[in-house]
Amino acid sequence: MNSPAQTAQFRPCIDLHGGKVKQIVGSTLNDDGAVTNFVAEHGADHFARLYRDDHLRGGHVIKLGPGNDEAARTALRAYPGGLQLGGGVTPENAKRWLDAGAAQVIVTSFIFSDGELKRDNLQKMLRAVGKERLVLDLSCRRRDGQYWIVTDLWRKFTRMTLSAALLDDLGASSAEFLIHAVDVEGKASGIDEELVAFLAANSPIDCVYAGGVRSLDDIRKIETHGKGRIHYTVGSALDLFGGALSYREIVDHFQTNQGVAL
């Protein structure tokens, strides 16, 4: 079993939709598009270089649907070994993304299909990339008082709830979990504190939480409720993506907590 980190890390993001860097409201994503908060003028490589220069490792490039491969490759070329890659990853293409510069690949729909956990598919991914280069996306939505794992651009509910037993089970086969709180994703309306606390209490490996961060106070709540074990990413609230929260302020906060000297 891996031992989770004891200091929360800022993990930056590059979300790609239609070949452009965007911030969208996750719960609105469908085949016709999504409610879009922001479309960047700069390409994905611009943000990758920024994260590289600020020594931020372990951020993620997420391909939300088709038409994003080339944009993803430009980001990985700009920061080889510094970013994870997710979106449409399978055993057949995973190694190509690693060879293109991804530090790890993020998988969800291939593992959870037809509403169930496909253990044979999980084993195929492990054979393709190994545990240390595999991140499992366990993004979830709340229904009937429980968190349910969702797939296929966060639209389809699986029959799997985010339980302590599932985290313990899947933690033996992956290096990290990426978990979007989809109900608050892209809304900059505050974090899901209950989910953060649940992950801190039950995950045997590192987790990255995404969803609802709007201020440094929210980040401090993640650090507190997550007991320093839950990393975080920030999207729509950042001034990089049209929001009011200073990217530089978050970087300074993170580097101060980490004791980073630049």
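For the numbers below, each heavy atom of this structure counts, side chains included, while hydrogens, waters and symmetry mates do not. If you read the sequence from its start, that first residue is 1, and numbering goes on from there.
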Using a 3.5 Å distance criterion without hydrogens, assess whether the side chain of Asp114 forms a donor-acceptor pair with backbone atoms of Glu116. no

For Thr74, which residues count as a side chain to side chain contact (heavy atoms under 4.5 Å, CB included) partner, sequence neighbours excluded? Ala44, Asp45, Glu70, Arg77

I need the single residue from Arg248, Gln255, Arg49 that forms a side chain to side chain donor-acceptor pair (under 3.5 Å) with Asp54. Which is it? Arg248

Contacts of type side chain to side chain donor-acceptor pair (under 3.5 Å), residue Asp239, not counting sequence neighbours: none

Does the ring center of Tyr51 lie less than 6.0 Å from the ring center of Tyr79? no

Got Val251 and Phe10 here, is their nearest side-chain heavy-atom distance under 4.5 Å? yes

Side-chain touch Tyr147/Arg142, heavy atoms, less than 4.5 angstrom: yes

Sorted by chain and residue number, the salt bridge (charged side-chain N to carboxylate O under 4.0 Å, His left out) partners of Lys95 (sequence neighbours excluded) come out as Asp99

Pairing residues for Asp252 by the salt bridge (charged side-chain N to carboxylate O under 4.0 Å, His left out) criterion, not counting sequence neighbours: none

With Asn93, which residues qualify under side chain to side chain contact (heavy atoms under 4.5 Å, CB included), at least two apart? Val89, Thr90, Arg96, Trp97

Phe241 ring center within less than 6.0 Å of Phe47 ring center: yes

Ring pair (Phe, Tyr, Trp, His ring centres under 6.0 Å) filter on Phe112, not counting sequence neighbours, yields none

Check the angle between the aromatic planes of Trp154 and His180 and answer parallel, tilted or perpendicular using the 30° and 60° thresholds. tilted

